[in-house]
Every structure is written in C-alpha cells, then in structure tokens.
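Okay, structure first, notes after.
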Amino acid sequence: QVQLVESGGGLVQAGGSLRLSCAASGQTFSTYSVAWFRQTPGKAREFVCAIGRSGPATACGDSMKGRFTLSRDNTKNTVYLQMNSLNREDTATYYCAARSSFVVVAATSYDYWGQGTQVTVSS
C-alpha cells in the first residue's frame, strides 16, 4: 500500500516545460510500478507514461514520445515526469498511479492514485 501526492503542475506557455513529481509514502516504493495518466472534463483518463520497478524501462503514449520522459528515484520515493515541448493538447489534470506488479496502460489496473495536479498550457 502506498499513498501518492502529485506536485509541479502550473501554467506554462506552449513550447515550454514542466516537471511533475509523484511522491510516495507507505510500503516499499521500489516494488511498485508507476504510471501517469491525464484527464480533461468529460473524457476518460488517458495513458501518459509508465515506469517499471526497475526504473530504466519506460513507456509513453504515442503523442508523448520524444517529449515526455519518466524517471524514478527510489531513495526519495519519488517519480518524475519531465514534460517538454508542451502544447495546448497537453492541458489536463495529471494523476500518478501505482500498482505492485508490472506496468500496464489501463487505468483500471492501478490500485493507488494521487489527487492530481493541474497542467495548463497557454497558446
């Protein structure tokens, strides 16, 4: 069991960057795979990126590849989502999620969720 808290969201101009953080507490963080999802009103949560328990292995959705990178620091119990070249379509509430197994892209497969952090990209 883990508790997750996202931070780092805010307002950024198109083409800019943000780094989101997902801080975990509770059980051993290194045993959990972590994913980021995003959601806008009226839409289902969209897969953003995920990182496995081993750390270096990451995967991102097609629209995020080359722009978003995911990393984790288990000594700090934190996962970071670096977002570059942001555009208006990236505006959403970003959620951190965790599960005690391998990474998947389905939001329903994740057991633990943070409260989200808002990212707004202006033109």
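Worth saying up front: this structure is predicted, and the values here are computed from it rather than measured.
Residues L4 and C96 come closest through the heavy atom pair CD1-O, 3.6 Å. Here the closest non-hydrogen pair linking G114 and Y95 is O-CD2, 3.6 Å. The nearest pair of heavy atoms linking A92 to Q39 is CB-O, 3.5 Å. Taking every heavy atom of both residues into account, M83 and V119 meet most closely at CE-CG2, 3.8 Å. Of all heavy-atom pairs spanning F47 and A35, the tightest one is CE1-CB, 4.4 Å. Here the shortest heavy-atom pairing between N74 and S30 reads ND2-CB, 3.5 Å.
Not a single donor-acceptor pair under 3.5 Å links the side chain of T120 to the backbone N or O of L11. Side-chain atoms of E6 come within 3.5 Å of backbone N or O of Q115 as a donor-acceptor pair. With hydrogens and angles ignored, the 3.5 Å screen pairs a side-chain donor or acceptor of Y32 with a backbone N or O of Q1. A donor-acceptor pair is defined here as one N or O able to donate and one able to accept, closer than 3.5 Å; such a pair exists between the side chain of R67 and the backbone of S85. One N or O on the side chain of R72 and one on the backbone of F29 form a donor-acceptor pair closer than 3.5 Å.
Note: S33 OG to F102 CZ = 8.5 Å, rounded to the nearest 0.5 Å. For the atom pair OG of S17 and CD of Q82, the computed distance is 5.5 Å after rounding to the nearest 0.5 Å. Here the straight-line distance linking atom OG of S101 with atom CZ of R53 works out to 5.5 Å at 0.5 Å rounding. Note that OG1 of T58 is 10.0 Å distant from NZ of K65, once rounded to the nearest 0.5 Å.
Both L20 and I51 are part of a single hydrophobic cluster, where members link through side-chain heavy atoms under 4.5 Å apart. With hydrophobic clusters built from ILVMFWY side chains whose heavy atoms lie under 4.5 angstrom apart, L18 shares a cluster with V79. With hydrophobic clusters built from ILVMFWY side chains whose heavy atoms lie under 4.5 angstrom apart, V105 does not share a cluster with L70. Connection of V103 to W36 is not established within any shared hydrophobic cluster, with ILVMFWY side chains joined at heavy-atom distances below 4.5 Å, either directly or through further cluster members.
Aromatic rings of F37 and W113 (six-membered ring for Trp) have centroids within the 6.0 Å cut-off, being under it.
Residues D73 and T78 bring no donor and acceptor atom of their side chains to less than 3.5 Å of each other. In summary, the side chains of Y110 and R99 do not present any donor paired with an acceptor at a separation below 3.5 Å, with no hydrogens or angles considered. Side-chain atoms of Q118 and T93 form a donor-acceptor pair, as typed in the model, at a separation below 3.5 Å.
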- Task: Please report the C-alpha distance between V104 and S109 in whole Å, then the side-chain angles of each, then the deciding distance to 0.1 Å, and finally whether the side chain to side chain contact (heavy atoms under 4.5 Å, CB included) criterion is met.
- Result: CA-CA 7 Å; V104 295; S109 295; 3.4 Å; yes
- Message: For E46 and S63: C-alpha separation, side-chain torsions, deciding distance, then whether side chain to side chain contact (heavy atoms under 4.5 Å, CB included) applies.
- Response: CA-CA 11 Å; E46 177 188 15; S63 65; 4.2 Å; yes
- Query: Run the side chain to side chain contact (heavy atoms under 4.5 Å, CB included) check on F68 and N84 step by step: do they pass?
  - Reply: CA-CA 6 Å; F68 293 7; N84 300 325; over 6 Å; no
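Residues L81 and C49 form a side-chain contact, since some pair of their non-hydrogen atoms from C-beta on lies under 4.5 Å apart. Using a 4.5 Å heavy-atom cutoff, the side chains of R38 and M64 are in contact.
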